[in-house]
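Presented below is the structure to which this report refers.
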Protein chains: 2
Amino acid sequence: MNKPLVPNEKKKQNWKQNPEAVKSDILRIATELFAANGLSGTRIDEIAARTETSKRMIYYYFGDKEGLYARVLEAAYAKVREGEKKLNLEGLTAADALAELVSFTFDHHRKSPEFIRMVMIENIHHAQYLKRSEVIRTVNVAAIDRLAEIIRRGEAEGAFRPGLDPVALHWQISALSFFNVSNRPTFSALFGPGLFGPEGQNALRGQAVDMILSHVKVNDP
Amino acid sequence: MNKPLVPNEKKKQNWKQNPEAVKSDILRIATELFAANGLSGTRIDEIAARTETSKRMIYYYFGDKEGLYARVLEAAYAKVREGEKKLNLEGLTAADALAELVSFTFDHHRKSPEFIRMVMIENIHHAQYLKRSEVIRTVNVAAIDRLAEIIRRGEAEGAFRPGLDPVALHWQISALSFFNVSNRPTFSALFGPGLFGPEGQNALRGQAVDMILSHVKVNDP
DNA sequence: AACACTTTTAACTGTTCAGTTAAATCGGGC
DNA sequence: GCCCGATTTAACTGAACAGTTAAAAGTGTT
């Protein structure tokens, strides 16, 4: 009854199978909608309607709603990791490398609002889906390793105070970069949009760099 | 058929009308559930079941689910404002006052996870309910005023660098305090619970104070 | 040409859930 | 004692929604 004798409308004749494309099409739309509406706020029927394929195929490939959500979460982390590979800190002093890392992280978060929203949603769910994913942990260990290396160099140079904790430092950089995106709606509603325009963001980025650097440097007056 | 001839079970005889108590009972349970499950994730039937009153009364007093959510959000902000009145910065230098403010804010956020979750949820919804509330804005203006006063004193003392923006400073203090609670689930799942135990939290609080202070102080090496 | 995997279609199931209805009773202020 | 607002109860409505079913036919591989 399908692929019918009447290939009217926009039904593609000479049609090719492409499971990967179908899956990634579903993931793309699902990411958009889960990030916009949360897990319970998203409708499978709406995902299906905006996909090139059908509701049936969502269940065929992803099992159920939670399975799809879990895959969306993993894909979001994977995509962000991919973007972080662009960062090159070779040949810089430890302080310059750290400044560049903070600045990059700040901007990278800004450019990934969908990812930020997925993490927010996952935090609302007490990270229960992230906890089950072995894929994701490795991504983030790399961030800590990179920081640990910078700290090691900074101590060797005598530029950084001793005893810095790379995980705490990552927490601080993340806090400043993440909050900037996650809490923009409420912050902007309460205090106006000034900090979120181009000048405001440049100022906040520079201040974040300054805060982190003055914290790790050795100078105690 | 009710208030029946048989006051068996725990039906309160000698029962008193008390609209305010009924409303605040509903708000208390609704806060707990909205904070736990979000707007679309919360069931009115579950709120009703855990209240001393009935589903009918929820609609009687709050109209609909969104009306109830909006009132819960306002109540959460009001309660947090109430807690902030405990902070006393009289007779301190600007630097000491700011240190105390950061430290207090960090701890105050930690003690208000329900409020934090409501703000997270509200950010997911692009602050659409907060925007409509005139009640809430005034709460937060006070925070800015308090900071502006500290900055003014710090500049007068010659202790702070000139040109500090109280809104940006509030953003920074909030980022460090808010992220600590909001992102604990994912951060802890990825990097372990170490930073969220008592020692870890003491360290993070101290480092937050240090970061803010070394950023506002005048010493440029 | 056989076989496994992929895709289409649309109706259907069963449940969950926000919001309603109705009639009755109760408390308290006037 | 009268009236109005507060409260109880439990069943009901109607829509939304996750997940299923079934039969058919396509693709790609060997």
Side-chain angles (χ1 to χ4, degrees), chain A residues 1-27 29-30 33-34 36-72 125 129, chain B residues 1-27 29-30 33-34 36-72 125 129:
Chain A
M1 212 179 299
N2 40 2
K3 303 299 158 342
L5 313 145
V6 195
N8 53 2
E9 312 215 322
K10 58 223 167 201
K11 288 291 97 178
K12 39 209 152 179
Q13 52 222 52
N14 300 339
W15 152 84
K16 297 280 177 198
Q17 278 193 185
N18 197 345
E20 294 311 313
V22 169
K23 283 190 243 181
S24 80
D25 183 34
I26 293 171
L27 277 180
I29 304 290
L33 290 174
F34 277 129
N37 308 316
L39 178 50
S40 53
T42 295
R43 307 289 147 234
I44 293 284
D45 284 308
E46 192 186 351
I47 296 173
R50 300 188 33 191
T51 303
E52 309 240 325
T53 180
S54 65
K55 183 176 178 178
R56 185 65 188 83
M57 293 308 284
I58 295 173
Y59 287 96
Y60 184 69
Y61 281 122
F62 298 96
D64 59 11
K65 193 185 189 183
E66 298 198 351
L68 177 57
Y69 172 85
R71 295 289 304 276
V72 163
H125 296 179
Y129 299 93
Chain B
M1 210 181 298
N2 40 4
K3 301 300 158 345
L5 313 145
V6 194
N8 54 3
E9 311 212 325
K10 57 228 168 197
K11 289 290 96 177
K12 40 212 151 174
Q13 57 221 56
N14 301 339
W15 153 84
K16 298 281 178 197
Q17 279 192 186
N18 196 344
E20 293 312 312
V22 168
K23 283 191 242 181
S24 81
D25 182 34
I26 293 172
L27 276 180
I29 304 291
L33 290 174
F34 277 128
N37 307 317
L39 178 50
S40 55
T42 295
R43 306 290 147 234
I44 293 284
D45 284 308
E46 193 186 349
I47 295 173
R50 297 188 35 190
T51 303
E52 309 240 326
T53 182
S54 66
K55 183 177 177 178
R56 186 64 190 81
M57 293 309 283
I58 296 173
Y59 287 96
Y60 185 68
Y61 281 123
F62 297 96
D64 60 10
K65 194 185 187 181
E66 297 198 350
L68 177 57
Y69 172 86
R71 296 289 303 275
V72 163
H125 295 179
Y129 299 94

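Just the heavy atoms: all of them, side chains too, but no hydrogens, waters or symmetry mates, feed the values below. A note on names: the letters A, B, ... follow the listed sequences, proteins ahead of strands, and every chain is numbered from 1. For clarity, every value in this text was computed on a predicted model and none was experimentally measured.
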In whole angstrom, what separates [X]'s [atom1] from [N]'s [atom2]?
X       : N      : atom1 : atom2 : answer
B:Met57 : D:dT9  : CE    : P     : 12 Å
B:Lys23 : D:dA6  : NZ    : P     : 8 Å
B:Ile58 : C:dT21 : CD1   : P     : 18 Å
B:Glu46 : C:dA18 : CD    : P     : 10 Å
A:Glu20 : D:dT27 : CD    : P     : 19 Å

(Q) Just to verify, what does B:Asp25 make a side chain to side chain contact (heavy atoms under 4.5 Å, CB included) with, not counting sequence neighbours? (A)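 Only B:Arg28, B:Ile29, B:Thr51, B:Glu52 meet the side chain to side chain contact (heavy atoms under 4.5 Å, CB included) criterion with B:Asp25.
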
**Q.** Partner set under side chain to side chain contact (heavy atoms under 4.5 Å, CB included) for A:Ser54, not counting sequence neighbours
**A.**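 A:Ser54 satisfies side chain to side chain contact (heavy atoms under 4.5 Å, CB included) with A:Arg56, A:Met57 once adjacent residues are dropped.
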
Q) Can you list the residues that meet the salt bridge (charged side-chain N to carboxylate O under 4.0 Å, His left out) rule with A:Asp64, with sequence neighbours excluded? A)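 So A:Asp64 forms no salt bridge (charged side-chain N to carboxylate O under 4.0 Å, His left out) with any residue.
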
Q | Pairwise ring pair (Phe, Tyr, Trp, His ring centres under 6.0 Å) hits with a residue in residues 37-68 of chain B, at least two apart | A |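 Sorted pair list comes back empty.
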
Q: Determine, step by step, whether A:Arg71 and A:Ile26 satisfy the side-chain contact (heavy atoms from CB on, under 4.5 Å) criterion, reporting the C-alpha distance in whole Å, the side-chain angles of both residues, the deciding distance to 0.1 Å, and the verdict.
A: CA-CA 11 Å; A:Arg71 295 289 304 276; A:Ile26 293 171; over 6 Å; no

Does [X] place a side-chain N or O at less than 4.0 Å from the phosphate oxygens OP1/OP2 of [N]?
X       : N     : value
B:Thr53 : D:dT8 : yes
B:Tyr60 : D:dT7 : no
B:Tyr61 : D:dT7 : yes

Are there any protein N/O atoms within less than 3.5 Å of an N/O atom in nucleotides 18-20 of chain D, and if so, which ones and at what distance?
{"from": "D:dA18", "atom 1": "OP1", "to": "A:Thr42", "atom 2": "O", "distance (Å)": "3.2"}
{"from": "D:dA18", "atom 1": "OP1", "to": "A:Arg43", "atom 2": "NH1", "distance (Å)": "3.1"}
{"from": "D:dA18", "atom 1": "OP1", "to": "A:Lys65", "atom 2": "NZ", "distance (Å)": "3.2"}
{"from": "D:dA18", "atom 1": "OP2", "to": "A:Ile44", "atom 2": "N", "distance (Å)": "3.1"}
{"from": "D:dG19", "atom 1": "OP2", "to": "A:Lys65", "atom 2": "N", "distance (Å)": "2.9"}
{"from": "D:dG19", "atom 1": "N7", "to": "A:Lys55", "atom 2": "NZ", "distance (Å)": "2.9"}
{"from": "D:dG19", "atom 1": "O6", "to": "A:Lys55", "atom 2": "NZ", "distance (Å)": "2.9"}

**Q.** Residues that B:Tyr69 engages under ring-ring contact (aromatic ring centres under 6.0 Å, His included), provided they are two or more places apart
**A.**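 Expected list: B:Phe34, B:Tyr129.
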
